[in-house]
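Just so we're on the same page: letters track the sequence lines, and every chain starts at 1.
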2 protein chains.
Amino acid sequence: MTDRFVSNFTNRLDAKGRVSIPSSFRAVLAKDGYEGLYVHPALDLAAFDAGGHALRKTIDDILARFSPFSEEWESLSTALNGTSEVLKIDPEGRIMLSEALKAHTGIVDTVTFVGHGHKFQIWEPQRFQAHLDAAKAKLRDVKRALSSQALSPGGVAGA
Amino acid sequence: MTDRFVSNFTNRLDAKGRVSIPSSFRAVLAKDGYEGLYVHPALDLAAFDAGGHALRKTIDDILARFSPFSEEWESLSTALNGTSEVLKIDPEGRIMLSEALKAHTGIVDTVTFVGHGHKFQIWEPQRFQAHLDAAKAKLRDVKRALSSQALSPGGVAGA
DNA sequence: TGGGTCTTTATGGGCGTCAATGGAATCGAG
DNA sequence: CTCGATTCCATTGACGCCCATAAAGACCCA
C-alpha cells in the first residue's frame, strides 16, 4: 500500500508559499529513501514530475536507450536532467515551490498532487481537471482497443 | 468459496459516512492480502471498481504495455493511477467513501456492493437496479443469439 | 421440531491522534 | 542589522481506533 503513488490531492499554499505534500505520498517517499524531492518539468505538459530514486531510475533508463551522442539523448537529458531541481522537505512535510515551477504550471495558491505509481505530478488544479478529462477520453479509446483483445480495465468482468 | 466476490448487498452509511463492507467480501479481501481497499471509477458506469492485488494488477498490466514518458502512458496513468484511491478499512470492516466516489456514483446514504469475481463494484442502489435491468435485457439477447447459434465453435462478443 | 442461546454482523458514538495549516522564533548570508 | 529561509510550536478539524448495542442467523439440545 505504501509503495506506489495513487489518487490525487489538492492543498493550499500558505502565505510563505509552502504547501504540504499529501501524507500518503510522504509515506511512499520515506520508503524510497531519497533525500528531498526530485522534480522536473513534465514533457509537453504544464506540470512537474516529482519523486525520489524510483523516478531518477526511470530517467536514467530512458536515457540509456539512446546513444549519449545522439540528438535525442541531448534533448532528453536537457529536459529531464538540466531543468530538474531537488526541493527541500521541511519537518512538517512541506515544500516551497520555485518560481520556475510556478511559472511552468500556472500555480498561484492551490496545488494538485497526482499519483502516477512510481512518481507523482504537480498541477494547477483547473489545468489538471482539463487534462484529466482528456485522459479519460483517451482511456476510452484504448479500452475499446484492448477489449477486443480480451483485457479490460473497468468494464466487463471476466472469470 | 472465499476467493471470489459474488452476490450483492446493500448497506447504509452512518452519520460519519462510514459503511460496512459485506462480510463475505471482507473474507475475499483478507485472502487477497492487500492493505486497504483499492478502488477506481468505472469508466463508463456510475460505479466504482474495488478490490485488492488482483484489481491493482489489471492496471499495472495495462500500463506495462506502454513506455514511461510516452504520451499514452501519461494519459492512461492519469486516468487510472490518478483517480484510484486506497481506502482504509477500520477494525469493524468499514470504509469511508471519498467525495469523488460519492459524486461519481450518486451515493447519498445507501450503498450497494456487487460481486464481480476478482473485483466488486460500488453502486448507488437505484442506479444499480436500473443497470441490472438493462443487463438482464441484454442477457436475453445474448441467450437468443446463443440458441440460434446451435453448436458452432468460436466466441460470443463481449459487452 | 421448537425453543433457547451463542456468535456474527451491521451500526452508533466517544475520544485520542495525526494531518494540514498558520504563525512565531531562530538562523544565516550579505 | 535586515531579509529571506528554515525550524519550531499552536490550532483545528478530520480520521482511526476502541467499545457498546441491536438484530439476524447459526447452533445446540431436549
Verify same cluster id: A:I107, A:W123 (apolar side-chain graph, 4.5 Å):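 Hydrophobic grouping puts A:I107 apart from A:W123.
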Can you tell me how far [atom2] of [N] sits from [atom1] of [X], to the nearest Å?
| X | N | atom1 | atom2 | value |
| --- | --- | --- | --- | --- |
| B:I95 | C:dT11 | CD1 | P | 12 Å |
| A:L37 | D:dT6 | CG | P | 14 Å |
| B:I89 | D:dC15 | CD1 | P | 16 Å |
| B:D90 | C:dG16 | CG | C1' | 16 Å |

Any residue of residues 106-115 of chain B with a heavy atom less than 4.0 Å from an atom of DNA chain C: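 Output list: empty, so none.
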To the nearest 10°, give me the bend of the helix from C:dT1-D:dA30 to C:dG30-D:dC1, comparing the axes of its five terminal pairs at either end. 40°
Got a salt bridge between [X] and [Y], using NZ or NE/NH1/NH2 to carboxylate O under 4.0 Å?
| X | Y | answer |
| --- | --- | --- |
| B:D60 | A:R4 | yes |
| B:D61 | B:R65 | no |
| B:D141 | B:K138 | no |

Please determine, by modelled atom types, if A:Y38 and A:R56 share a side-chain donor-acceptor pair under 3.5 angstrom. yes
Distance-only side-chain donor-acceptor flag, B:N81 / A:H116, under 3.5 Å: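 B:N81 vs A:H116: no donor-acceptor pair found between side chains.
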Within a reach of under 6.0 Å around CD of B:E92, are more than 12 heavy atoms found that belong to other residues, nucleotides or ligands? yes
Counting only heavy atoms not in A:D44, do more than 12 fall under 6.0 Å of its CG?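 It does not: A:D44 CG has 12 such atoms or fewer within range.
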Taking all heavy atoms of B:L97 and all of B:K102, pick out the closest pair and write down the distance.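 Here B:L97 and B:K102 meet closest at O-CE, 3.6 Å.
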Determine, for nucleotides 19-30 of chain C in 5'-to-3' order, which nucleotides have protein heavy atoms under 4.0 Å from the base (write B), from only the sugar-phosphate (write S), or from neither (write -). SSBBBBB-----
Below 6.0 angstrom between ring centroids: does that apply to B:F25 and B:F5?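 Yes, the ring of B:F25 comes within the 6.0 Å limit of the ring of B:F5, centre to centre.
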